[in-house]
Chemist: 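Would you mind keeping the following structure in view while I ask a few things?
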Amino acid sequence: MSEAEHPGRLRAEHQVSVDDVRQLVGASTPHFSGQLRERLKRLVAGLPAEHPARVEAERQLAIMLRLGFEGEVRGEPEDPEMPTLPSVSVAAAQRAPGGHGH
C-alpha cells in the first residue's frame, strides 16, 4: 500500500463521493491505517464540513485512528452471527506468551 491515489480521483472535474471514501477504507488493516488516514484527509480537504463524503470521511478517520492504536477485533461476543475470533479473544491473549493470566 502506498499513499498514491487512484488516478480517477485526481482529476479536477472529479466529484468526491461517499463511495470514494468507502472504497478507500474498504480493505483497511491496522498496519495501513495511518496511510489511509492521510489519503482520506487529502481526498476531502476541499469539501465543506456538511458534504456527505466529508461526514463519512470524518467517521472513517476516527475508525482508522482507533484501528491503528487498538488493532482489529471482528465481531462481538454477544453477536451469534459474527462472534469474536478465538485468536483475538481476551482468553487467547491471556494464554499467549507474555500475556497476563498465566
Side-chain angles (χ1 to χ4, degrees):
M1 158 107 29
S2 71
E3 291 191 27
E5 192 52 74
H6 184 281
R9 291 188 192 120
L10 298 175
R11 293 190 180 114
E13 69 275 4
H14 179 74
Q15 297 293 315
V16 177
S17 70
V18 172
D19 284 339
D20 289 326
V21 172
R22 291 180 180 159
Q23 287 173 12
L24 189 57
V25 299
S28 58
T29 65
H31 182 74
F32 294 117
S33 63
Q35 290 175 346
L36 288 171
R37 281 181 51 79
E38 293 306 311
R39 289 175 69 186
L40 273 175
K41 288 177 190 177
R42 281 195 309 269
L43 181 66
V44 300
L47 299 177
E50 67 278 358
H51 191 285
R54 179 72 174 255
V55 171
E56 178 65 11
E58 294 295 334
R59 189 176 77 79
Q60 293 296 334
L61 284 166
I63 291 171
M64 292 297 105
L65 182 62
R66 203 168 43 250
L67 183 64
F69 282 102
E70 298 174 10
E72 182 175 32
V73 176
R74 295 181 187 247
E76 299 295 329
E78 46 295 320
D79 182 1
E81 296 293 319
M82 190 175 195
T84 300
L85 298 171
S87 63
V88 294
S89 69
V90 172
Q94 290 175 341
R95 290 189 304 269
H100 304 289
H102 282 157

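All residue numbers refer to positions in the sequence shown, counting from 1.
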Chemist: Quick one: does Met64's side chain get under 4.5 Å of Leu61's, heavy atoms only?
Modeler: no
Chemist: Val25 and Val18: same hydrophobic cluster, using ILVMFWY side-chain contacts below 4.5 Å?
Modeler: no
Chemist: Which distance, rounded to the nearest 0.5 Å, do you find between the CG of Asp20 and the CG of Leu40?
Modeler: 10.5 Å
Chemist: Could you tell me the separation between the NE2 atom of His31 and the CG atom of Leu67, rounded to the nearest 0.5 Å?
Modeler: 12.0 Å
Chemist: Not counting sequence neighbours, which residues clear side chain to side chain contact (heavy atoms under 4.5 Å, CB included) with Val44? List them please.
Modeler: Val16, Val21, Leu47, Arg54, Ala57
Chemist: What residues, two or more places apart in sequence or in another chain, satisfy salt bridge (Lys or Arg N to Asp or Glu O under 4.0 Å) together with Arg37?
Modeler: none
Chemist: For Gly68 and Ser33, work out which heavy atoms get closest and say how close.
Modeler: CA-OG, 3.1 Å
Chemist: According to salt bridge (Lys or Arg N to Asp or Glu O under 4.0 Å), who are the partners of Arg59, at least two apart in sequence or on a separate chain?
Modeler: Glu56
